[in-house]
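Being a predicted model, the structure only gives us computed values, none of them experimental.
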Amino acid sequence: MDYIPAKHLLHRSNSTEWFGTDHTLNLYRGCCHGCLYCDSRSSCYQNPDFDRVKAKADALRLLRDDLARKAKPAFITMGSMSDPYNPFEEELRLTRHALELIDAYQCGVAAATKSDLIIRDIDLYRLIQEHSPVICKLTVTTADDALAAKLEPHAPPPSRRLKALEELSRAGVFSGVLLMPVLPFIEDSAENVLSVVDSAARAGARFVYAAFGVTMRDGQREYFLNGLDRTFPGMGERYRKRFGSRYYCSSPRAKELWELFSGRCRELGLLYEMKYIVSAATRGYGDRQLNFFD
């Protein structure tokens, strides 16, 4: 494992639309899941060796100092740029120790991951939830393990992620699914979308948050499109013709899918808009609900 220097680990974020929190934390840089579509490969993030995971040097001391400087408890996203439960975490335990600090400083946490390793830390999520909000998000873009293996070749299969969601839910941890990205012409069928929603509901999810499309920008675009051509011959060229150089590439069926998706979520009692997901997660924690939408 290589270590890279950092001055701070906790960063203020106003992106409540996507993360629902007010701070971000990335203990690692890079990811080895190999997902074809990952936006974190983009050139703007200046990480050309993205597939190689590196850890932030002296991460726990830096996090402790950042937390100690906060005037009021933060609500922290883990997983905005790199998965906090990459395979190296099993041994390094940086995420677990970070959760211990987050608990000690009475902060809340929202973790996004494609790994079932998250269930190792159920005890800490339950402790944090006693005083602060917790949102555990398992990314599932398809319930089909075979299709997922083509798109996310080194990530645990969705069947394992859904099993992890079931364990989190059974333990009373506020948790659900990120159904994003939904790749046009590959995953944007009613069957695929509703299968994920139904699977999430069976696993005890409180929410499913979806985006019916994918992002493409410099650095990531060619990797993604070339990967599509290798995996689904001709698909990369189809994307080039349809979307060109635009950043957000919405599914042509996005409106139809949203109606089907939102209707099924309502039918199953699942939340599906971030403001309501955050509102439910923060309910009962004093004035936190208002703070997050200032």
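Under the 4.5 Å side-chain contact rule for hydrophobic residues, Tyr248 and Phe185 do not share a cluster. Residues Leu178 and Tyr125 do not share a hydrophobic cluster, defined by chaining ILVMFWY side chains whose heavy atoms lie under 4.5 Å apart. The cluster map of Ile, Leu, Val, Met, Phe, Trp and Tyr, joined by side-chain heavy atoms under 4.5 Å apart, puts Leu179 and Leu194 in different clusters. When hydrophobic clusters are built by joining Ile, Leu, Val, Met, Phe, Trp and Tyr residues whose side-chain heavy atoms come closer than 4.5 Å, directly or via intermediates, Ile128 is not grouped with Val278. No chain of hydrophobic side-chain contacts below 4.5 Å, direct or via other Ile, Leu, Val, Met, Phe, Trp or Tyr residues, connects Ile4 to Val53.
In this structure, the side chain of Asp83 does not engage the main chain of Cys32 through any donor-acceptor pair within 3.5 Å. At least one donor-acceptor pair closer than 3.5 Å links the side chain of Asp66 to the backbone N or O of Leu9. Formation of a donor-acceptor pair under 3.5 Å by the Glu89 side chain with backbone atoms of Tyr28 is not found in this model. Side chain of Arg264 to backbone of Asp198: no donor-acceptor contact under 3.5 angstrom is found. Counting only distance, with no hydrogens or angles, the side chain of Asp218 and the backbone of Ser43 share no donor-acceptor pair below 3.5 Å. Distance alone, capped at 3.5 Å, places no donor-acceptor pair between the Ser42 side chain and the Cys44 backbone. Under a 3.5 Å cut-off, the side chain of Ser251 and the backbone N or O of Asp188 do not form any donor-acceptor pair. Side-chain N or O atoms of Thr282 include none that pairs as donor or acceptor with a backbone N or O of Pro133 at under 3.5 Å. Here the side chain of Ser132 pairs a donor or acceptor atom with the backbone of Gln106 at under 3.5 angstrom. Formation of a donor-acceptor pair under 3.5 Å by the Arg206 side chain with backbone atoms of Gly176 is not found in this model.
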Q: Under the side-chain contact (heavy atoms from CB on, under 4.5 Å) rule, what do Val193 and Leu260 come out as? Steps first, then yes or no, please.
A: CA-CA 9 Å; Val193 169; Leu260 290 169; over 6 Å; no

(Q) Show, in sequence, the C-alpha distance, side-chain angles and deciding distance for Glu166 and Arg170, and conclude whether the salt bridge (Lys or Arg N to Asp or Glu O under 4.0 Å) test is met. (A) CA-CA 6 Å; Glu166 186 176 344; Arg170 189 183 303 121; 3.0 Å; yes

(Q) side-chain contact (heavy atoms from CB on, under 4.5 Å), that's the test. Do Phe232 and Arg238 meet it? Break it down for me. (A) CA-CA 10 Å; Phe232 309 93; Arg238 187 175 182 183; over 6 Å; no

Q) When you look at Val140 and Ser199, which way does the side-chain contact (heavy atoms from CB on, under 4.5 Å) test go after all the steps? A) CA-CA 10 Å; Val140 180; Ser199 296; over 6 Å; no

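Looking at Leu162 and Arg202, their side chains never come closer than 4.5 Å, going by heavy atoms from C-beta outward. Two residues are said to be in side-chain contact when any heavy atoms from C-beta on lie closer than 4.5 Å; His33 and Pro156 meet this criterion. Between Lys137 and Tyr209, every side-chain heavy-atom pair lies at or beyond the 4.5 Å cut-off. For the pair Ile122 and Leu168, the minimum side-chain heavy-atom distance is below 4.5 Å. Phe224 has its side chain within reach of Leu36: a pair of non-hydrogen atoms, C-beta onward, lies under 4.5 Å apart. Residues Asn86 and Cys31 form no side-chain contact, since every pair of their non-hydrogen atoms from C-beta on lies 4.5 Å or further apart. Using a 4.5 Å heavy-atom cutoff, the side chains of Phe50 and Gln220 are not in contact. No side-chain heavy atom of Asp116 sits under 4.5 Å from any side-chain heavy atom of Lys163.
The ring pair (Phe, Tyr, Trp, His ring centres under 6.0 Å) test applied to Phe212 returns Phe261, not counting sequence neighbours. Residues that satisfy the ring pair (Phe, Tyr, Trp, His ring centres under 6.0 Å) test with Phe243, not counting sequence neighbours, are Tyr239. Residues satisfying the side-chain hydrogen bond (donor to acceptor under 3.5 Å, both in side chains) criterion with Arg29, sequence neighbours excluded, are absent altogether. When the ring pair (Phe, Tyr, Trp, His ring centres under 6.0 Å) test is applied to Phe174, the partners found at least two apart in sequence or on another chain are Phe207. Taking Asp65 as the reference, Arg61, Arg69 meet the side-chain contact (heavy atoms from CB on, under 4.5 Å) condition, with sequence neighbours excluded.
With salt bridges taken as basic N to acidic carboxylate O contacts below 4.0 Å, one links Asp123 and Arg96. A salt bridge is defined here as a Lys NZ or Arg NE, NH1 or NH2 lying under 4.0 Å from an Asp or Glu carboxylate O, and Glu130 with Arg126 fails to meet this definition. Remark: Arg240 engages Glu222 in a salt bridge, criterion side-chain N to carboxylate O under 4.0 Å.
Each of Asp22, Thr21, Thr24 was compared with Thr77 under the side chain to side chain donor-acceptor pair (under 3.5 Å) criterion, and only Thr21 meets it.
When every heavy atom of Gly108 is checked against every heavy atom of Phe75, the shortest pair comes out as C-CD1, 3.4 Å. Smallest separation of non-hydrogen atoms from Pro181 and Gly213: CB-O, 3.1 Å. Scanning all heavy atoms of the two residues, the minimum distance from Gly34 to Tyr223 falls at O-OH, 4.4 Å. In terms of heavy atoms, Ser80 sits closest to Asn26 at OG-ND2, 3.1 Å. Considering all non-hydrogen atoms of both residues, Pro73 and Cys107 come closest at CA-SG, 4.0 Å. The two residues Val173 and Cys136 come nearest to each other via the heavy atoms CG1-SG, 3.8 Å.
Under the 3.5 Å distance criterion, with hydrogens and angles disregarded, a donor-acceptor pair is assigned to the side chains of His131 and Asp103. When only modelled atom types and interatomic distance are considered, Arg64 and Tyr105 share no side-chain donor-acceptor pair under 3.5 Å. Counting only N and O atoms by type, the side chains of Glu152 and Tyr37 include a donor and acceptor under 3.5 Å apart. Side-chain atoms of Ser159 and Asp145 include a donor-acceptor pair closer than 3.5 Å.
With rounding to the nearest 0.5 angstrom, the CG atom of Leu225 is 5.0 Å from the CE atom of Met216. Between the OH atom in Tyr85 and the CG atom in Leu138 there is a gap of 10.5 Å [rounded to 0.5 Å]. Note: Asp144 CG to Asn192 CG = 7.5 Å, rounded to the nearest 0.5 Å. For the atom pair OG1 of Thr141 and CD of Glu187, the computed distance is 3.5 Å after rounding to the nearest 0.5 Å. Between atom CG of residue Leu183 and atom CG of residue Leu228 there is a gap of 7.0 Å, rounded to the nearest 0.5 Å. Here Ser40 contributes atom OG and Tyr45 contributes atom OH; the two are 6.0 Å apart, rounded to the nearest 0.5 Å.
Within 6.0 Å of atom CD in Glu267, more than 12 heavy atoms from other residues, nucleotides or ligands are found, so the atom counts as buried in its surroundings.
For residues 34-52, the pairs satisfying salt bridge (Lys or Arg N to Asp or Glu O under 4.0 Å) are Asp2-Arg52, Asp39-Arg217, Arg41-Asp51, Asp49-Lys54, with sequence neighbours left out.
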